[in-house]
Participant: 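Have a look at this one before I ask anything.
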Amino acid sequence: MNMHQTLPFVRNEHGHHVLEVEGVDWTGQEELARPELMVRGSARELLSMPDYDLKHYLKRRIYRVALIHWSELSDRPFAERTSANYLAHGLGFGYQQSRAGLQPRLHDLLAGQLMGQGYYCAALHEPILVESQLTLLYSRQYPGGWTLTTDSGNPSHEWHDPGWFALEIPE
């Protein structure tokens, strides 16, 4: 069970924080044009990929998202704290795989909120192929600030640092 109490969001019956984010129908290039968005090079490439616009597009509506903390699988060895296992864990609660388009919305909503509770928030979306590598879009706290970046989209990718995983709650 998630033991982190300080995020300012309601919890559901599973103890997960539930956020509501407003979908915007922006392309990846429109996201990149936002001057306030800090983006690392790898995320810039991902947002420029046709797959981002084709498969991860959001409609103009409210999306409900559950945040699962890294600690929910902390009793397992690192080799089992993988993207696939966090996704399977979330699916077990009835959540569904996120769309990458949710990550920029979560990025805006969570900036400054996760300090001391984790270094990142990753929407567990279908990985996007960038330069022959499967990639996953996520936000991470760096010394320069809250930044949109990428990590391996390989389902066996291990997560070693504390953070949060975002999954969509079906309508």
Participant: Taking only distance into account, with no hydrogens and no angle test, what donor-acceptor pairs under 3.5 Å do side-chain atoms of residues 148-155 form with protein atoms, sequence neighbours excluded?
Facilitator:
| residue | atom | partner | partner atom | Å |
| --- | --- | --- | --- | --- |
| Thr150 | OG1 | Ser42 | OG | 2.7 |
| Asp151 | OD1 | His157 | NE2 | 3.4 |
| Asp151 | OD2 | His157 | NE2 | 3.3 |
| Ser152 | OG | Asn154 | N | 3.1 |
| Asn154 | OD1 | Ser156 | N | 2.8 |
| Asn154 | OD1 | Ser156 | OG | 2.8 |

Participant: Taking side-chain contact (heavy atoms from CB on, under 4.5 Å) as the definition, give me every residue that meets it alongside Asn12, ordered by chain and number, with sequence neighbours left out.
Facilitator: His14, His16, Val18, Tyr95
Participant: Any carboxylate oxygen within less than 4.0 angstrom of a Lys/Arg side-chain nitrogen, looking at Glu22 and Arg105?
Facilitator: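 Between Arg105 and Glu22 there is no salt bridge, as every charged N stays at least 4.0 Å from the carboxylate O atoms.
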Participant: Is the NZ or CZ atom of Arg99 both under 6.0 Å from the centre of the six-membered ring of Tyr52 and within 45° of that ring's axis?
Facilitator: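 Judged by the rule (NZ or CZ under 6.0 Å from the ring centre, within 45° of its axis), Arg99 is not positioned above Tyr52.
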Participant: At their closest point, which heavy atom of Asp53 faces which heavy atom of Gly28, and how far apart are they?
Facilitator: OD1-N, 2.8 Å
Participant: Excluding sequence neighbours, so at least two apart, what forms side-chain contact (heavy atoms from CB on, under 4.5 Å) with Arg44?
Facilitator: Leu32, Val39
Participant: How does the hydrophobic cluster around Trp26 look, that is, which other residues are in it when side-chain heavy atoms under 4.5 Å mark a link?
Facilitator: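 Result for Trp26 is Val24.
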Participant: Side chains of His125 and Leu136: does their closest heavy-atom pair fall under 4.5 Å?
Facilitator: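 Result yes, sub-4.5 Å side-chain heavy-atom pair found.
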Participant: Taking atom CG of Leu109 and atom NE2 of His107, what is their separation to the nearest 0.5 Å?
Facilitator: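 Here the interatomic distance stands at 11.0 Å.
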Participant: At their closest point, which heavy atom of Val65 faces which heavy atom of Val21, and how far apart are they?
Facilitator: CG2-CG2, 4.2 Å
Participant: Checking Glu158 now: which residues fulfil side-chain contact (heavy atoms from CB on, under 4.5 Å) with it, not counting sequence neighbours?
Facilitator: Phe78, Ala79, Thr82, His160
Participant: Hey, does Pro104 have a side-chain heavy atom less than 4.5 Å from the side chain of Leu137?
Facilitator: yes
Participant: Please check if the side chain of Tyr86 supplies one atom and the backbone of Glu72 the other of a donor-acceptor pair under 3.5 Å.
Facilitator: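 Here the side-chain-to-backbone pair does not exist.
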Participant: Between Tyr119 and Tyr138, does the ring centroid distance fall short of 6.0 Å?
Facilitator: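 No, they do not, as the ring centres are separated by 6.0 Å or more.
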Participant: Could I get the full list of side-chain contact (heavy atoms from CB on, under 4.5 Å) partners for Asp75, not counting sequence neighbours?
Facilitator: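 None.
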Participant: Below 6.0 angstrom between ring centroids: does that apply to Tyr120 and Trp159?
Facilitator: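 Yes, the ring of Tyr120 comes within the 6.0 Å limit of the ring of Trp159, centre to centre.
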Participant: Quick one: does Tyr63's side chain have a donor or acceptor within less than 3.5 Å of a partner on Glu168's backbone?
Facilitator: no
